[in-house]
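Beneath this line is the structure, given in structure tokens, with notes to follow.
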2 protein chains.
Amino acid sequence: MKKEKELLSENVEEDDDIKIRISQSVIKRMALYLNALEKLQVQKGQESFFVPSTTIARLSGVKAVQVRKDFSHFGTFGRPGVGYEADNLRKQIIKILNLTQNIGIAFVGIGQLGSALVRYYYQRFSEREHGYFEPRALFDVDPEKKGTSFEGLKILPLEKMPEVIKELGIEVSVITVPSDSAQEVAELAVESGVKAILNFAPVILEVPDHIKLQSVDLSTELEHMGYYL
Amino acid sequence: MKKEKELLSENVEEDDDIKIRISQSVIKRMALYLNALEKLQVQKGQESFFVPSTTIARLSGVKAVQVRKDFSHFGTFGRPGVGYEADNLRKQIIKILNLTQNIGIAFVGIGQLGSALVRYYYQRFSEREHGYFEPRALFDVDPEKKGTSFEGLKILPLEKMPEVIKELGIEVSVITVPSDSAQEVAELAVESGVKAILNFAPVILEVPDHIKLQSVDLSTELEHMGYYL
DNA sequence: TAGATTGTTAATCGATTAACAATC
DNA sequence: TAGATTGTTAATCGATTAACAATC
């Protein structure tokens, strides 16, 4: 079945420079599949069982062939005529998504949205047994918030970012500051050493190529729906 | 310049059945362009000026040719050699996105995330002069919340949805309930007559074809970033 | 074996971009 | 006019899907 394609495929996984070639859509769906598998395991009350691509597809809102095609970028995990062993597949995806250990995240901007997200992610991920995204530091400019705690974490002034991010090995920064300050906050985060930024401020941020930037514009999500009414 | 293509193009805009052909990516970018234009107007302190596609592109994080191509789906708004008249373009986009009047939205699930979103959208849109998404009703199962108010809106029990949604002409429902109840809440919303759903619960919802469903999975947004670390 | 299902190739589909004539 | 910029066609690129041999 596999041919010299396999060599290429292995490169894709092992060589950091080529890794980038797998499209973000595929990666996002991999995260979706992981969720689907975990849900299935809870539902069935057991970890080990065989699941066909059709089931994973249904739970993830994609086509079965898409699921198999996506997997094929990373290796062969299934058995023809049988399906995928759920727990093995789950572990493979965890490895692919680098979720074998906890990943430290910092939140910048602890306003309405910021604090809601801290709680949301805290609840959502802390119940996982495998590596999860762990809120490790909160930052805010507002001097009034300085010293106050939230979900067991002190809110720190922005000046502490470089120090704290290095010290706690934080790799991802979630930005929920007002648009005006988002760019400078992003730069500070990058200087402090984060590798990825999840941005909720409705601006286009400029970051160096080696930084993974993901923006979620909650207004635009809503706004574009007008078209369909 | 334009040929018989124009006929087709007009259909696309005027015929509801064919309208659907314009891809969601285009529509989302239109919303982005609108934001960019409004920002520019604030920045310049004036409404009327000419802006080239390159500027709009930079502010929206896309290529200039993409901007022009996107516009071309809806008509010709610019002047060769000159650019686009900002305020006219803005108005055109507002018309395209159906934002000429306020659009009523209901929030279902007024927990952490839900209440943060209410405030977020409230602030974000209420300062606009043109039509905006207006929170008109809040719903929650929790009987303790019954009667309490939030941002000037009473929190109502789910049973009231059909009645209230019809009465207040609500067209969009934002769902921020736990995964388990998301599907039934969506069905209730659809029965109540909403035309679009913005879903934040991390599940795949099933809705009839005529309902526009948009899902934002905040966990997946974060989770897939592990890959790039 | 027969039925189910994978992994992969090739075909299709759609979206982005390059190139350029038309126009201000 | 010369330079700038649009709108559109055609080319490219990438992603999805159909088809099917291989395998359990």
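A, B, ... follow the sequence lines: proteins, then strands. Residue 1 opens every chain. Note that the coordinates shown come from a computational prediction; the quantities given were computed from them, not determined experimentally.
Regarding contacts with the backbone of C/dC24, every side-chain N or O of B/Arg79 stays at 4.0 angstrom or more from both OP1 and OP2. Using a 4.0 Å cut-off, some side-chain N or O of A/Ser23 falls inside it from OP1 or OP2 of D/dA15. When the side-chain nitrogen and oxygen atoms of A/Arg29 are compared with OP1 and OP2 of D/dT16, one or more of them lie within a distance under 4.0 Å. When the side-chain nitrogen and oxygen atoms of A/Ser53 are compared with OP1 and OP2 of C/dT6, one or more of them lie within a distance under 4.0 Å. One finds no side-chain N or O of B/Tyr84 lying less than 4.0 angstrom from the OP1 or OP2 phosphate oxygen of C/dC24.
As rounded to whole Å, 14 Å separates atom C1' of C/dT8 from atom CD of A/Gln66. Here the P atom of nucleotide D/dA15 and the CZ atom of A/Arg68 are 19 Å apart, to the nearest Å. A/Ile27 has its CD1 atom 14 Å from the C1' atom of D/dA15, to the nearest Å. Taking atom CD on B/Gln24 and atom P on D/dA15, their separation rounds to 17 Å, with Å as the unit. Rounded to whole angstrom, the span from the NZ atom of A/Lys63 across to the P atom of C/dC13 amounts to 12 Å. Atom CG in A/Asp70 sits roughly 14 Å away from atom C1' in C/dT8 (whole-Å rounding). Note: CE (B/Met30) to C1' (C/dA15) measures 16 Å, nearest angstrom. The separation between A/His73 atom NE2 and D/dG14 atom C1' is 11 Å, rounded to whole Å.
Ionic pairing of A/Lys28 and B/Glu221 is present here: one or more N-O contacts between side-chain nitrogen and carboxylate oxygen are shorter than 4.0 angstrom.
At a cut-off of 3.5 Å, with distance as the only test, a side-chain donor of A/Asn35 or B/Glu223 sits close to an acceptor on the other residue. A side-chain donor from one of B/Tyr33 and B/Asp70 sits under 3.5 Å from a side-chain acceptor of the other.
Within the nucleic acid shown, B/Phe77 comes within 4.0 Å of sugar-phosphate atoms alone, with no base atom in reach, counting heavy atoms only. Here B/Lys69 lies in heavy-atom contact (under 4.0 Å) with a base.
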Criterion side-chain hydrogen bond (donor to acceptor under 3.5 Å, both in side chains) on A/Gln214 and A/Asn199, from CA distance to verdict: CA-CA 6 Å; A/Gln214 177 71 22; A/Asn199 169 48; over 6 Å; no
Pair A/Tyr84-A/Phe77, ring pair (Phe, Tyr, Trp, His ring centres under 6.0 Å): steps then yes or no: CA-CA 6 Å; A/Tyr84 303 86; A/Phe77 308 126; 7.5 Å; no
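A/Ser115 places a side-chain N or O within donor-acceptor distance of the main-chain N or O of A/Gly111, the cut-off being under 3.5 Å.
Counting only Watson-Crick and G-U wobble pairs whose two key distances fall under 3.5 Å, DNA chain D forms stems of three or more stacked pairs at C:3-24 with D:3-24.
Each of B/Gly78 and A/Val65 was assigned the nucleotide of DNA chain D with the nearest heavy atom; the assignment lying further toward the 5' end belongs to B/Gly78.
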Can I get a per-line list of side-chain donor-acceptor pairs under 3.5 Å for residues 189-197 of chain A, giving both atom names and the distance, sequence neighbours left out?
| from | atom 1 | to | atom 2 | distance (Å) |
| --- | --- | --- | --- | --- |
| A/Ser192 | OG | A/Leu188 | O | 2.7 |
| A/Lys195 | NZ | A/Glu171 | OE2 | 2.9 |

